[in-house]
Amino acid sequence: MGNPYYECPLPVTIPPAKPFLESIKLGIKETLFPDDPFRQFKNQPASRKFILGMQYFVPILEWAPRYTFEFFKADLIAGITIASLAVPQGISYASLASLPPIIGLYSSFVPPLVYAMLGSSKDLAVGTVAVASLLISSMLGKEVNPNENARLYVQLALTATFFAGVFQAALGLLRLGFIVDFLSHATIVGFMGGAATVVCLQQLKGILGLVRFTHGTDLVSVLRSVFSQTHQSKRKPCFFWINAMAPMMSVIVGSVLVYLTNAEKYGVQVEGVAVGRSFAMFKNYHIDGNKEMIAFGMMNIAGSCVSCYLTTGPFSRTAVNFNAGCKTAGSNIVMAAAVMVTLLFLTPLFHYTPIVVLSSIIIAAMLGLIDYEAAIGLWKVDKCDFIVCVSAYIGVVFGSVEIGLVIAVTISLLRMLLSVARPRTFLLGNIPNSMIFRSIDQYPIANNIPGVLILQIDAPVYFANANYLRERISRWIYEEDEKLKSTGGSSLQYVILDLSAVGSTDTSGISMFKEVKKNIDRRGLKLVLANPRSEVIKKLVKSKFIESIGQEWIYLTVGEAVAACNFMLHASKSNNQVADEFDAHNNA
């Protein structure tokens, strides 16, 4: 047809084989060290490498020498600000975990000091969180009653904190922080919303002044406990609902004031803000997730040894720290110092703090974690993600925190496995007046090529999806063949597989390609490959698949492959016409 793509086809280069050990080394680096954290050590003398190593694992050694008085003023204001939040939250969350209030204050003293030395975030404010507190209470409470055996319960909580720290530190040291990425955004939104709802429900005991309350965290148990004890309020029964409504009215009035005065524009937080990397993005600096895991692990290990329970980076506290203008992790040191002063001189004052106030503090903090706007966004963008979100929420609210957590993790893994085991395949067509080939579903104006079926595989080919892809490709061929026969169009002659999105394959994938070729050969068709990636082409060559298909049927682009197929179709048609004319001449 005179197509320049066919007249001068570019050969598909087969990359040279790499030594096995070098390939293993490269694979480990790409898997565990994608950010290449050790690039700063290259071409450095031994003494400098030692200093850089100490600064890498103990970041305070990197920023402390550059600390200025201006930084101190900013961190001082931020530290005092978050301390004013840490003290009531520490007491409230400790009660949520069924622990003595003093342990909640300890947990806002020692861990922040450890994180200030080992953490890489300038904005993260360390402290206890409601969800972790609820998990401790719900899981340990099944084994030990905190009211009957308080000493054993506290020991178990500290032991759980120690092993949580060991687990976190191990994940960081082994560079396995990417495991956390298996929880999708939709799953986290649902789980956190459900957990926040459960935490709010648990505060009905303090708000309503109930003497006995269910140990269950599900909605049904809580409501049954509430409505079965309306006559047992600590106050007079006639004032029961006044007692119930007072703190809620405070929250409502506060919310109305925020709305009327637009206070959220001036730093009053009404929604939770993502921690760590989200705040680092605002100030344009990098956070190493694995280093953060090590820092969290070490502060929980150290904290568990001095009567601190599980701590991390709370949303609300970090948002306040960020908005207060912190410059370094030194704000955590200031907060710890303020909490120490509270522990030494002000602790007796908190003895008279009403339970209802602590419950109101927890509810106010939890309302921001119920991110209904994110759920609405999931419904608009991806209905499947919305279903995942709602499933995790329902599991927490109507089951338990543990059930919700299991549902959240299971759904995330199932979605990941489903995307791997059932990859998409697309039928490609030609965009008019171009050599561009795109999905016909996405571009309805794209035209089919007569006699040629062009398929794109949109994922790596592995043992998990090899059988599915073999069956799906066979179905594509069958459906296209039947459609051409029913319309009386040109019969199918060529099947082009666009492998541009297939980054890798394994032996099961190679077997799949061989079986597809056999199936195509039985139908009298020809298999053509377009743009195989380096890892794929190397394995296809080693398995002698390229030898069986022929190097001349491997092309760099879909356009070249289509041009070659059109040329062969045209040549075959011309030869058939010549043969027919020769036969007619002989018969005459």
Side-chain angles (χ1 to χ4, degrees), residues 57-61 63-64 75-76 78-133 135-136 151 153-170 172 275-276 291-314 316-318 320-321 326 328-347 350:
F57 290 105
V58 188
I60 193 173
L61 298 178
W63 58 262
D75 287 344
L76 179 64
I80 294 174
T81 303
I82 57 177
S84 65
L85 184 65
V87 172
Q89 280 190 349
I91 296 173
S92 302
Y93 294 160
S95 66
L96 181 61
S98 301
L99 292 169
I102 194 70
I103 291 182
L105 293 178
Y106 288 157
S107 302
S108 294
F109 172 48
V110 176
L113 293 176
V114 178
Y115 183 82
M117 294 187 290
L118 303 179
S120 57
S121 173
K122 301 175 184 177
D123 306 289
L124 199 71
V126 172
T128 54
V129 291
V131 175
S133 302
L135 275 172
I136 288 176
R151 182 182 179 85
Y153 181 85
V154 170
Q155 290 175 341
L156 286 177
L158 300 182
T159 303
T161 300
F162 175 81
F163 283 107
V166 170
F167 186 66
Q168 288 173 313
V275 292
K291 282 175 62 178
E292 288 294 281
M293 293 291 281
I294 295 174
F296 286 142
M298 295 307 297
M299 75 182 188
N300 280 315
I301 291 173
S304 66
C305 298
V306 289
S307 299
C308 302
Y309 81 104
L310 195 62
T311 53
T312 182
S316 57
R317 201 176 302 182
T318 302
V320 171
N321 194 32
C326 67
T328 69
S331 60
N332 280 286
I333 299 176
V334 175
M335 177 185 70
V339 173
M340 180 185 67
V341 172
T342 301
L343 286 168
L344 291 175
F345 305 108
L346 304 179
T347 303
F350 292 100

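Bear in mind that the values here come from a model prediction, so they are computed numbers and not experimental data.
With contacts defined as side-chain heavy-atom distances shorter than 4.5 Å, the pair P100/V154 qualifies. The shortest distance between side-chain heavy atoms of L343 and I102 falls below 4.5 Å.
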Evaluate the side chain to side chain contact (heavy atoms under 4.5 Å, CB included) criterion for residues Y115 and E292: first the C-alpha distance (whole Å), next the side-chain angles of each, then the deciding distance (0.1 Å), finally the verdict.
CA-CA 9 Å; Y115 183 82; E292 288 294 281; 2.6 Å; yes
Show, in sequence, the C-alpha distance, side-chain angles and deciding distance for L158 and F162, and conclude whether the side chain to side chain contact (heavy atoms under 4.5 Å, CB included) test is met. CA-CA 6 Å; L158 300 182; F162 175 81; over 6 Å; no
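A distance of 11.0 Å separates CG in L113 from OG in S108, rounded to the nearest 0.5 Å. Distance check: F57 CZ to S120 OG gives 12.5 Å after rounding to the nearest 0.5 Å. Note that the CG atom of L124 and the OG atom of S331 stand 9.0 Å from one another [nearest 0.5 Å]. Taken to the nearest 0.5 Å, the CG atom of D75 stands 12.0 Å off from the CE atom of M335. Rounding to the nearest 0.5 Å gives a distance of 13.0 Å between CZ of F296 and NZ of K291. Residue N332 holds its CG atom at 9.0 Å from CE of M299, rounded to the nearest 0.5 Å.
The nearest pair of heavy atoms linking I136 to Y153 is O-OH, 3.7 Å. Contact record, A94 with P101: CB-CA, 4.0 Å, taken as the closest heavy-atom pair. When every heavy atom of L310 is checked against every heavy atom of A132, the shortest pair comes out as CD2-CB, 3.7 Å. Minimum interatomic distance between A97 and Y309 (heavy atoms only, all atoms of both residues): CB-CE1, 4.1 Å. Residue A125 comes nearest to I82 through the heavy atom pair CB-CD1, 4.0 Å, listed as atom of the first residue, atom of the second, then distance. Nearest heavy atom pair, residue T161 against residue C308, reads CG2-O, 3.9 Å.
T81 is linked by a side-chain contact (heavy atoms from CB on, under 4.5 Å) to I77, V320, A324, counting only residues two or more places apart in sequence or in another chain. Applying the side-chain contact (heavy atoms from CB on, under 4.5 Å) criterion to L118, with sequence neighbours excluded, gives V58, V114, A295, M298. Every residue meeting the side-chain contact (heavy atoms from CB on, under 4.5 Å) condition with V334, not counting sequence neighbours, appears here in chain and number order: L76, I80.
Between the side chain of S304 and the backbone N or O of I301 there is at least one donor-acceptor pair closer than 3.5 Å. Between the side chain of N321 and the main chain of D123, a donor-acceptor pair closer than 3.5 Å is present. At least one donor-acceptor pair closer than 3.5 Å links the side chain of N300 to the backbone N or O of T311. The closest donor-acceptor contact from the side chain of Q89 to the backbone of T128 lies at 3.5 Å or more, if one exists at all.
No more than 12 heavy-atom neighbours from other residues, nucleotides or ligands sit within 6.0 angstrom of OH on Y106.
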